[in-house]
Amino acid sequence: MHAALLDVPARQRAALALFYVDGLSMAEVAHAMETQPKAVESLLSRGRAHLKALLTPLKEAL
């Protein structure tokens with residue numbers, strides 16, 4: 001998982017970490033990243049999709 005996270009683009013990875021690891025709200029993540037909540041939604045969506053694409057082949061190999 002850690003290696004896959006390193007392959008996620010930096011802004012997407014930051015949004016994912018602030019939201020899921022640090023438990024910040026969408027508005028708090030937007031403030032921390034100096035962007036709008038809609039942009040955070042997009043970053044999270046793209047970050048999750050990127051992670052899924054990276055992890056699905058590993059899951060299928062198990």
Side-chain angles (χ1 to χ4, degrees):
M1 181 68 150
H2 186 264
L5 276 172
L6 293 176
D7 285 340
V8 174
R11 286 188 51 80
Q12 293 173 15
R13 185 171 59 246
L16 289 167
L18 289 169
F19 189 74
Y20 290 109
V21 177
D22 295 338
L24 299 183
S25 70
M26 197 84 58
E28 291 169 326
V29 174
H31 181 74
M33 295 184 70
E34 298 179 351
T35 192
Q36 298 296 314
K38 277 291 194 185
V40 173
E41 286 181 37
S42 180
L43 288 166
L44 290 171
S45 177
R46 289 191 316 244
R48 286 188 299 262
H50 199 114
L51 271 177
K52 182 177 180 180
L54 291 168
L55 295 174
T56 296
L58 296 174
K59 181 181 173 187
E60 291 172 354
L62 296 176

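Computed from heavy atoms alone, side chains included, the values below leave out hydrogens, waters and symmetry copies. Only a predicted model underlies this, so the values are computations on that prediction, with no experimental measurement involved.
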Problem - Check: Glu28 and Asp22 side chains under 4.5 Å, non-hydrogen atoms - result: no
Exercise for the section: Check the surroundings of atom NE2 in His31: do more than 12 heavy atoms from other residues, nucleotides or ligands lie under 6.0 Å from it? Expected result: no
Problem - For the student: nearest non-hydrogen atoms of Val8 and Gly47, plus distance - result: CG1-CA, 4.4 Å
Exercise for the section: Show the numbers, then the answer: is there a side chain to side chain contact (heavy atoms under 4.5 Å, CB included) between Leu51 and Leu16? Expected result: CA-CA 10 Å; Leu51 271 177; Leu16 289 167; 4.1 Å; yes
Practice task
Decide yes or no for Leu44 and Met26: does some side-chain heavy atom of the first lie under 4.5 Å from some side-chain heavy atom of the second?
Solution key: yes
Practice task
Any salt bridge (Lys or Arg N to Asp or Glu O under 4.0 Å) involving residues 30-49? Give me the pairs, sequence neighbours left out, ordered by first then second residue.
Solution key: Lys38-Glu41
Completion exercise
dist Ser42:OG -> Gln12:CD (nearest 0.5 Å) comes out at 8.0 Å
Practice task
Provide the closest heavy-atom pair for Pro57 versus Leu54 in the form atom of the first, atom of the second, distance.
Solution key: CD-O, 3.6 Å
Practice task
Work out which heavy atom in Ala32 is nearest to a heavy atom in Leu18; give both atom names and the distance.
Solution key: CB-CD1, 4.2 Å
Problem - Closest approach of Arg13 to Leu6 (non-hydrogen atoms, all atoms of both residues) - result: NH1-O, 3.4 Å
Exercise for the section: Can you see which heavy atom on Gln36 is nearest to which on Ala30, and at what distance? Expected result: C-CB, 3.7 Å
Problem - Smallest separation among heavy atoms of Leu43 and Met33, with atom names - result: CD1-CE, 3.8 Å
